[in-house]
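A short worksheet on the structure shown next.
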Amino acid sequence: MREFDPGEAARVAQAALTLDAGEAAALVGSLSRPPAERRWTALAVDGGVVMASVNTVDPAVGHVDLLAVHPSAQGAGCGRALVRAAEEWLRGQGAREARFAGNPPCYAWPGIDVRYTAAACLAESLGYERYQVAWNMTADLRHADLGVEDDLARLKRAGVSVHGLGGPGDAPAGRERVAAFVEEQWNDRWAWEAVNAAGLHYAERDGRVLGFAAWGARPSWFGPMGTAPDARGLGLGRVLLRRCLAEQRAAGQDHAQIGWVGPLRFYSRAVGARAERVFWLYRRDLA
């Protein structure tokens, strides 16, 4: 193993991650800038890179965040060696379990995309067990109806206003205000994503935040989003979702991944999204 070179890692990831080649470099960069309290590492060999992390929520659990082996180096045991090296690092950090599973709030995927079959086979050959399934939905931004003008007029009559914030460096006070709402209603992981998202939209009434939606905290994906329990039924979710997706379309995306989806019906009805990417989550005991 040798020192991590971000440029080299990005090139390997672009070649290896055929389903994510367009954002592979951004993923490497994003995983290199996790929350300040996270312990992480990146280990490399010729033609391969692995990134792993441990967070403060459950320090006994370690995560293999990204594994990429250049096609020219596949089949020679490179991936196996990288995973074993990551496991050894995780043990040194006190982890008793390793997972091929997303480590929110800064992650690449919920688990192993089932279409990366070789990666799933590698995990299983190393003794990892499949313990959960997650999925994404895809919104086709080329044809989706993202109009919200009628909804905004209706919300205005109800005293609700909707606002958008620019990149993470813009209007930091506004982002921190929304993040405080998110942490209070949900958790600090979503709050981190709200602060670090490429785009953030929120609704308020009488100076109180009622709901939010973000995109780009995980490069190019939509999410997270949520509405305060006492504000549900106003149609805020659809408006905030559509505003984010319209912003993603304006940024040049023709499709958007809605990551780690819970409510299938909501996204299907709001923007015609379809369930598409499926992920297997794996774990194994490091003891």
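All figures in this text were calculated on a predicted structure; none of them were measured in a lab.
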Give a yes or no on whether the backbone of [Y] and the side-chain of [X] come within a donor-acceptor separation of less than 3.5 Å.
| X | Y | value |
| --- | --- | --- |
| Arg242 | Val271 | no |
| Gln257 | Ser220 | no |
| Arg283 | Val61 | no |
| Asp206 | Arg208 | no |
| Arg38 | Asn103 | yes |
| Arg175 | Ala194 | yes |
| Asn55 | Asp58 | yes |
| Arg218 | Ala108 | yes |

Open item on the list: Filter on ring-ring contact (aromatic ring centres under 6.0 Å, His included), then keep only pairs touching residues 61-110, sequence neighbours left out; what's left?
Closed with: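 Applying ring-ring contact (aromatic ring centres under 6.0 Å, His included) to every pair that reaches into residues 61-110, excluding sequence neighbours, yields Phe100-Tyr128, Tyr107-Trp260.
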Open item on the list: We want to know whether Arg80 and Ser125 form a side-chain donor-acceptor pair, criterion being a heavy-atom distance below 3.5 angstrom.
Closed with: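 Distance-only check passes for Arg80 and Ser125.
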Open item on the list: Under a 3.5 Å cutoff, is there a donor and acceptor pairing between the side chains of Thr56 and Glu37?
Closed with: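 No, Glu37 and Thr56 have no side-chain donor paired with an acceptor closer than 3.5 Å.
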Task: Contacts of Gln14 that satisfy side-chain hydrogen bond (donor to acceptor under 3.5 Å, both in side chains) - sequence neighbours left out - done: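 So Gln14 forms no side-chain hydrogen bond (donor to acceptor under 3.5 Å, both in side chains) with any residue.
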Distance from [X] atom [atom1] to [Y] atom [atom2], nearest 0.5 Å?
| X | Y | atom1 | atom2 | value |
| --- | --- | --- | --- | --- |
| Asn136 | Tyr267 | CG | OH | 10.5 Å |
| Leu241 | Phe222 | CG | CZ | 4.5 Å |
| Arg243 | Arg238 | CZ | CZ | 14.0 Å |

TODO: Show which residues join Leu152 in its hydrophobic cluster (side-chain heavy-atom contacts under 4.5 Å, direct or indirect), or state none.
DONE: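 Its cluster partners, ordered by chain and number, are Val148, Leu155, Val160, Val162, Leu210, Leu234, Leu236, Val239, Leu240.
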Open item on the list: Check this for me, if you would: do Arg84 and Glu87 make a salt bridge, where the nitrogen-to-carboxylate-oxygen distance has to be below 4.0 angstrom?
Closed with: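 Counted as a salt bridge, because a side-chain N and a carboxylate O are separated by less than 4.0 Å.
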I want to check something: taking the side chain as every heavy atom from C-beta on, are [X] and [Y] in contact at a cut-off of under 4.5 Å?
| X | Y | result |
| --- | --- | --- |
| Arg142 | His255 | yes |
| Asp20 | Tyr116 | yes |
| Trp190 | Phe212 | yes |

